[in-house]
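Excluded from the calculations below are hydrogen atoms, water molecules and symmetry mates; all remaining heavy atoms, backbone and side chain alike, are included. The chain is numbered in sequence order, starting from 1. First listed ligand is number 1; within each ligand, the first listed atom is number 1.
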Amino acid sequence: VPSNSSSEPGFARDVFVLPRAPGGSDAVYLAGNSLGAQPRPAREALVSAVDEQWAAVGVAGWEECGWWATPQRLGDRVGALVGAAPGQIVVGDSTSVQLFGALIAAARLRPGRTVLLSDAGHFPTDRYLATSVARLTGLTLATAAPDAMAPDAEVAVVAVPAVDFRTGERWDLATITERAHAAGAVVVADLSHAAGVMPVGLDALGVDLAVGCTYKYLNGGPGAPAFAYVAARHHDRLDPPLTGWTGHADPFGMTEAWTPAPGVGRLRVGTPPMLSMLALDGALGVFDDVDLADVRAASLALGDAFLSGLPDAVDVVTPHQHDRRGGHVAVRVPDAGGLCAALARRGVVVDARPPDLLRFGFAAPYVTLDDAATAARELAALL
Ligand SMILES: Cc1ncc(COP(=O)(O)O)c(C=O)c1O
């Protein structure tokens, strides 16, 4: 449990193990927008799951260790971080799989409509899946930038990210949701670049469905299971496409036909990946008793420190205004891949996105103001 105030950048630094820089010291780890660093409690939970649960208890662990209930239990823990009241989130599968289910379930909430409207610059998996979902459901795929979306009465579903994965621009989910609802459409939000780095307020915004990664700012580990949210008002009519046995009302009844579990539990598909789930369970402890508004303020302070350390000539593509940016800052550079590798040799871990962007992620639990200043200084020196 972090000892420092959560409004202070690096407030849980001691709780994390960071990758090593070439000289042997801790790296300046600014890749938390891609894969969060390792919280010690994640490792402890994983070791305990292997030794004290799987090895010692075996199959009885599904009941005795509470494994079976974990997708919803973790869903509620994630819900507390994205502004969702209990009972509306399940954890499991990949973000891509969750997105497929969410888009189809959303389309089925609006029968008779003809259009799936998606962000033109959405993350590739969101765009590829929207294309396939449109084919499967008979909808026509239309695209627009989130702030230019003007849905009409033909639009069934509006699919948007909370934060642009490339530029780090934060979209105005409140206005997008308001416009979608005014047209009678439902909103599917991808929170991958928002969960754990800023308050989202899903219930308050009125978003209908949402998905997100847990391996970025929630630090669940490589390939940690994703989450899916469905607002309680839709549960009774929710008709998911992936009708796996664990989403059945009576999974061990082994009945002939699929009967949906009550509520969001029907989004469960197959056997939950318990080791990854329990690592995530441990990782989420970083956020116990932490106010996401503080985490957001600390993350913005880190971004500001980075931006103010850059020479004016650097082409920053992320908006400077606090309310228009997410957790990472992106700069346009001539050789993003080469610079990314050169920064890594100097102990600064970031990532590159083709063709020309470098992304610097400001995960406040373990990134300090010194880290942000170092990153700006090293980038400036290399440029
Ligand atoms: C917006 C967004 N959605 C989805 C994903 C990844 O999906 P998956 O967890 O299925 O690999 C990412 C990964 O970076 C992402 O940025």
Protein neighbours of ligand 1 with a heavy atom under 4.0 Å, given by chain and number, are Ser94, Thr95, Ser96, Phe123, Thr125, Asp126, Asp190, Ser192, His193, Cys213, Tyr215, Lys216
Return yes if a side-chain donor-acceptor contact under 3.5 Å exists between Asp370 and Thr368, otherwise no.
-> no
So Phe252 and Trp245, would you call those rings parallel, tilted or perpendicular, with 30° and 60° as cut-offs?
-> perpendicular
With Leu284, which of Asn219, Thr214, Leu218 fulfils side chain to side chain contact (heavy atoms under 4.5 Å, CB included)?
-> Leu218
Hits for side-chain hydrogen bond (donor to acceptor under 3.5 Å, both in side chains) against Thr114, two or more places apart or cross-chain, chain-then-number order -> Glu154
Kindly indicate whether a cation-pi arrangement holds for Arg266 with Trp258, taking the cut-offs as under 6.0 Å to the six-membered ring centre and within 45° of the axis.
-> no
Hey, can you tell me if Trp62 and Trp68 have their rings parallel, tilted or perpendicular (30° and 60° cut-offs)?
-> perpendicular
